[in-house]
Amino acid sequence: MANVIEPAGTGRAKCRACGRVIGKGELRFGEVLPNPFGEGETTYWLHLYCAAYKRPEQLLPLLEARAAEPAEPMVADAQHLIGIAKSGIEHHRLPRIAGAERSPTARARCRHCGEPIDKGLWRLALHMFEDGRFQPSGFIHAVCARAYFGTAELDERIRHFSSGLSEEELGEITGELGKTPPISAS
């Protein structure tokens with residue numbers, strides 16, 4: 001079986017990337033991988049936007065094929081999703097973004113500069129995809145984000161995976177992203 005874009009048959013599946021339910025009839029991306037718990041294969045479901053952000057190499061061929069095939073139903077925002085996926089492929093660390101938060105302690109170290117992330121500072125959580133799961137893999141200072149990811153186009157991804165933050169908080173994060181890190185990156 002191959003990866004697929006299809007409408008959700010029920011509203012029971014949860015997106016592997018964001019954890020929210022994929023609504024009945026909503027287009028979703030299904031990635032087919034070996035079953036880690038037994039023989040055969042299993043399908044991991046993601047919202048289309050979550051797939052574009054987190055699994056761009058797997059989604060992009062399907063989006064491009066659908067855009068080229070007039071018989072296939074059109075995916076809403078297909079060109080935007082293609083752009084997101086291409087950016088994630090070009091900047092290979094972008095799919096690691098798992099959201100933003102204020103650091104609750106000063107125990108975590110930035111994966112970019114190696115310095116502690118002080119309590120109360122904005123940080124970006126990172127996830128890596130392994131064995132069909134997004135595994136936590138550390139944090140970076142918000143001010144280190146542009147250097148770590150190699151691009152300044154981070155706002156949309158951060159907003160998508162930080163749905164619990166207010167507009168004011170998102171504005172603060174955007175401000176931090178625009179700053180130059182005060183320490184030299186190692």
Can you sort out the partners of [X] under side-chain hydrogen bond (donor to acceptor under 3.5 Å, both in side chains), two or more places apart, ordered by chain and number?
| X | answer |
| --- | --- |
| Arg96 | Tyr148 |
| Arg159 | Glu167 |
| Gln135 | none |
| Thr10 | none |

Residues forming a ring-ring contact (aromatic ring centres under 6.0 Å, His included) with Phe139, sequence neighbours excluded:
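Once residues adjacent in sequence are excluded, Phe139 has no partner under the ring-ring contact (aromatic ring centres under 6.0 Å, His included) criterion.
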Looking at Glu57, I want to see if its CD is surrounded by more than 12 non-hydrogen atoms of other residues, nucleotides or ligands under 6.0 Å.
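Yes - once you tally the heavy atoms of other residues, nucleotides and ligands closer than 6.0 Å, there are more than 12.
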More than 12 heavy atoms from other groups under 6.0 Å of CZ on Arg133:
no
Of all heavy-atom pairs between [X] and [Y], which one has the smallest distance, and what is that distance?
| X | Y | answer |
| --- | --- | --- |
| Ala100 | Ile173 | CB-CD1, 3.5 Å |
| Ala8 | Gly23 | CB-O, 3.4 Å |
| Arg146 | Ala152 | NE-CB, 3.7 Å |
| Gly88 | Pro56 | C-CG, 4.0 Å |
| Lys119 | Ala106 | N-CB, 3.9 Å |
| Arg16 | Gly132 | NH1-O, 3.3 Å |

Tell me, please, which residues at least two apart from Ala145 pass side-chain contact (heavy atoms from CB on, under 4.5 Å).
Leu124, Ile140, Phe149, Leu154, Leu177
Do side-chain atoms of [X] reach the backbone of [Y] as a donor and acceptor pair under 3.5 angstrom?
| X | Y | value |
| --- | --- | --- |
| Ser166 | Glu169 | yes |
| Ser87 | Gly83 | no |
| His160 | Gly99 | no |
| Thr43 | Glu31 | no |
| Lys54 | Pro95 | yes |
| Arg66 | Ile5 | yes |
| Asn35 | Thr42 | no |
| Arg157 | Tyr53 | yes |

Cluster question for you: counting only ILVMFWY and a side-chain heavy-atom cut-off of under 4.5 Å, with indirect links fine, are [X] and [Y] together?
| X | Y | answer |
| --- | --- | --- |
| Ile97 | Met128 | no |
| Leu126 | Leu94 | yes |
| Val21 | Leu46 | no |
| Phe129 | Leu62 | yes |
| Tyr44 | Leu60 | yes |

Is [Y] close to [X] at the side-chain level, that is, under 4.5 Å between some pair of heavy atoms?
| X | Y | value |
| --- | --- | --- |
| Glu172 | Arg102 | yes |
| Trp122 | Leu165 | yes |
| His127 | Pro136 | yes |
| Arg28 | His47 | no |
| His141 | Ser103 | no |
| Leu48 | Leu59 | yes |
| Arg12 | Trp45 | no |

Measure the spacing between [atom1] of [X] and [atom2] of [Y] and express it to the nearest 0.5 Å.
| X | Y | atom1 | atom2 | value |
| --- | --- | --- | --- | --- |
| Glu64 | Gln79 | CD | CD | 9.0 Å |
| Thr174 | Ile158 | OG1 | CD1 | 7.0 Å |
| Arg111 | Cys144 | CZ | SG | 13.0 Å |
| Cys110 | Asp118 | SG | CG | 11.5 Å |
| Thr151 | Glu90 | OG1 | CD | 7.5 Å |

Quick test of your reading of the model: are Arg123 and Glu176 salt-bridged, counting only N-O distances below 4.0 Å?
no
Using the rule given for side-chain contact (heavy atoms from CB on, under 4.5 Å), can you reason through Arg107 versus Ile117, listing the C-alpha separation, both sets of side-chain angles and the distance that settles it, and then say yes or no?
CA-CA 7 Å; Arg107 291 190 308 243; Ile117 302 173; over 6 Å; no
His80 vs Tyr49 aromatic rings, parallel, tilted or perpendicular, using cut-offs 30° and 60°?
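Correct class here is tilted.
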Stepwise, does the side-chain contact (heavy atoms from CB on, under 4.5 Å) test hold for Leu33 with Asp131?
CA-CA 9 Å; Leu33 294 170; Asp131 299 325; over 6 Å; no
